Amino acid sequence: MEYKLPFKEYNKALRENRLLGLKCDKCGSITCPPKMACQECGSLDLDKVELSGRGKVVSFTTHYIAPMGRENEVPYTVVLVELEEGPWLLGNLIDLNPSKMSMDLLGKEVTASGRVYPGDMFTNGPISRPVFSLAE
Amino acid sequence: MRKVAVLGLGHTKFCFNSPKTQVEMLAEAAIDAITESNLTPRDIQSAHIGNCLGTFCEGQATVSQFACDDIGCSNIPAIRYEGACASGTIAVRDAVMWIASGYYDIVLVGGVEKATAMGTPLATRTFCMGTDSRYEYGAGLTFPGFFALLCRIYSAKYGIPMEKLKTQMAMVSVQSHEYGRKNPYAQIQQEINIDDVLKSMPVCTPLQLQDCCPFSDGAAAAVLCSEEVAKKISNKKPVYITGIGMATSGKMSSQYKYLPRIRARELSVQQAYSMAGIKPDDVDICELHDCFSIASFIAAESLGFFEYGKAPEAWEKGETRIEGKIPINISGGLKSKGHPIGATGVSQVYFITKQLREECVEQGVQVEGAKIGLIDTLGGDGTICNLVLSAD
Ligand SMILES: [Zn+2]
């Protein structure tokens, strides 16, 4: 059995600012990032859907250290977002000064777009990543 | 199933920049464990070795094979286990099953790592390989980052203001260093205070350097055997592995609503408790996975020692100290003792066994009358392994 939404397709859509997910035919839950089975009920009966990219900040952390090859990204902020369709998605929080970020950000509305991490000798090519900005 | 005993133990010093190779460190710990068991290398039937990043730090896979050959455990099955930071613990769990089933009578367990040889940037990169490389590494998620995210969720969920929580987290590091200073094998034998923690450099907000365990080099080993063999050859106070558990979770975002709790830990420890026929209250001493200060709170609650959201108060009140309700990380934990990831679980077995044998009096860290010990190790986003050790 093949994935309904393989990495390559999700990755390509995100590069074009489209966030794809999977809707479960059995329980109606949305799974994103994609898996083979519904992350709520385990059903394999899933359909590809496009998500709004809107959600709320659940948590965030600004990195002052970086893995090899990503030193020039520091300081960068990783954010965990609860999408309005239900699932949580991990990405970067952009357009904000890290020194001004506080716990007040939790619950704030954000919207996603896509950017590309070019990858390194260990990744199998570039990886798209969701980036979130505060909603207007 | 047969009862499984812990015989001899071996442990190198945990350190920065070890002059020894991984194979040497592992071989030295292993031969000490075999010798302390009153056995020779030829008595070992198989070897179960935790090692995660050997290929990156020295270009060396199958350290298990070379270390066994170096010490004269020639031609035996030697297996490398990889479960990120839980590699050593899952090696022990597996070895327990080989003996319990009756297939082997005497096996070697061990673990080794040499992370500092990579330098901090590559070490950080390779540790990130325990996150989901497809869907979460793109954003640059690291392990301090993972726990920093959990820290804010913890603060929000349990209504503990961040400033207060940070001070309570600092107390975890302070306690670990106080005890680690008394551990001759510890990497950082230096006391620190709350101010040192709160003034250390930011790593991943809100975590600072002194909330984080170091990169480490080192090895640990033990010989496991059947009860029958132990009774025949050991002159030490018997210690048995009476409960084992293991469970896994998916990537961080797919654990969503359950966070900051790690569901895998709750399932894993329940397996270990029920196999041993005990409850959290029965545990006299625990070594848990304190890779970051906040991780100690999250672990201690899931292991059943404290109510959810209450672990910070427990550290504050001294309930995790030697004389407290549940002594935790009296070895110094990952924070002070060090965290050579493949070795960590086996090192936890080493120190819990020492405590249950009452061999920690001289160092001034003996938990009086300790009979039951719990081990907790977390690898990656959610590979959890737990072991229950019992004195007779
Ligand atoms: Zn479903």
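Each chain gets a letter, A, B and so on, in the order the sequences are listed, and its residues count up from 1. A quick note: this is a predicted structure, and the numbers were derived from the prediction, not measured.
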Report task. Report the distance from atom SG of B/Cys128 to atom CZ of A/Arg70, rounding to the nearest 0.5 Å. Result -> 8.0 Å
Query raised in the report: What part of A/Asp120 is in contact with chain B, defined as an atom under 4.5 angstrom from a non-hydrogen atom: side chain, backbone, both or neither?
Result: side chain
Query raised in the report: About how many Å separate OH of B/Tyr154 and OG of A/Ser59, when rounded to the nearest 0.5 Å?
Result: 14.5 Å
Query raised in the report: Do the side-chain N and O atoms of B/Gln208 and A/Tyr64 include a donor-acceptor pair separated by under 3.5 angstrom?
Result: no
Query raised in the report: Should the heavy atoms of other residues, nucleotides or ligands under 6.0 Å from NZ of B/Lys199 be counted, would the total exceed 12?
Result: no
Query raised in the report: Quick one: what part of B/Tyr137 sits under 4.5 Å from any heavy atom of chain A, side chain, backbone, both or neither?
Result: both
Query raised in the report: So which heavy atom on B/Gly138 is nearest to which on A/Arg129, and how close?
Result: O-CD, 3.1 Å
Query raised in the report: How many angstroms lie between OG in B/Ser133 and CG in A/Asn124, if you round to the nearest 0.5 Å?
Result: 9.0 Å
Query raised in the report: Quick one: what part of B/Met118 sits under 4.5 Å from any heavy atom of chain A, side chain, backbone, both or neither?
Result: neither
**Report entry** Neighbour count above 12 (heavy atom, 6.0 Å) for B/Glu307 CD
**Finding:** no
Query raised in the report: So what's closer than 4.5 Å to chain B heavy atoms on A/Glu71: side chain, backbone, both or neither?
Result: side chain
Query raised in the report: Taking it one step at a time, do A/Met103 and B/Glu163 satisfy side chain to side chain contact (heavy atoms under 4.5 Å, CB included)?
Result: CA-CA 11 Å; A/Met103 286 291 282; B/Glu163 207 169 315; over 6 Å; no
Query raised in the report: Got a second to check how far A/Trp88's CH2 is from B/Ile153's CD1, nearest 0.5 Å?
Result: 4.5 Å
Query raised in the report: Taking the six-membered ring of A/Phe122 as reference, does the NZ or CZ atom of B/Arg125 fall below 6.0 Å from its centre and within a 45° cone about the axis?
Result: no
Requested in this report: May I ask you to name which of B/Thr126, B/Thr124, B/Leu149 has the most heavy-atom pairs under 4.5 Å with chain A?
Outcome: B/Leu149
Query - Separation of B/Met252 CE from A/Leu89 CG (nearest 0.5 Å) - result: 12.5 Å
Requested in this report: Considering non-hydrogen atoms only, spot the tightest contact between B/Arg152 and A/Leu106 and give its length.
Outcome: O-CD2, 4.1 Å
Requested in this report: Could you check which of B/Pro121, B/Ala123, B/Ser155, B/Pro206 has the highest count of heavy-atom pairs closer than 4.5 Å to chain A?
Outcome: B/Pro121
Query - Heavy-atom side-chain contact between B/Thr142 and A/Pro67 under 4.5 Å - result: yes
Query raised in the report: Should we say atom NZ of B/Lys310 is surrounded by more than 12 heavy atoms from elsewhere, each under 6.0 Å from it?
Result: no
Query raised in the report: By a 4.5 Å heavy-atom criterion (distance strictly below it), what part of B/Pro144 contacts chain A: side chain, backbone, both, or neither?
Result: side chain
Query - Residues, nucleotides or ligands: over 12 heavy atoms within 6.0 Å of B/Met201 CE - result: yes
Query - More than 12 heavy atoms from other groups under 6.0 Å of CD on B/Glu316 - result: yes
Query raised in the report: Which residue out of A/Phe7, A/Tyr76, A/Tyr117 racks up the most heavy-atom pairs below 4.5 Å with chain B?
Result: A/Phe7
Query - Atom group of A/Pro34 that falls short of 4.5 Å from chain B, counting heavy atoms - result: both
Query raised in the report: So do B/Cys204 and A/Thr62 actually touch side chain to side chain, heavy atoms under 4.5 Å?
Result: no
Query raised in the report: Side chain, backbone, both or neither: which part of A/Ile65 has a heavy atom under 4.5 Å from chain B?
Result: both
Query raised in the report: Would you say A/Lys35 has more than 12 foreign heavy atoms packed within less than 6.0 Å of its NZ?
Result: yes
Query - Atom pair OH/OG1 of B/Tyr256 and A/Thr31 - distance to nearest 0.5 Å - result: 6.5 Å
**Report entry** B/Arg134 CZ: over 12 foreign heavy atoms closer than 6.0 Å
**Finding:** yes
Report task. Check the pair A/Thr61 / B/Phe146 against side chain to side chain contact (heavy atoms under 4.5 Å, CB included), numbers first and verdict last. Result -> CA-CA 9 Å; A/Thr61 175; B/Phe146 176 85; over 6 Å; no
Query raised in the report: Under a 4.5 Å cut-off applied to non-hydrogen side-chain atoms, are A/Pro87 and B/Ser253 in contact?
Result: no
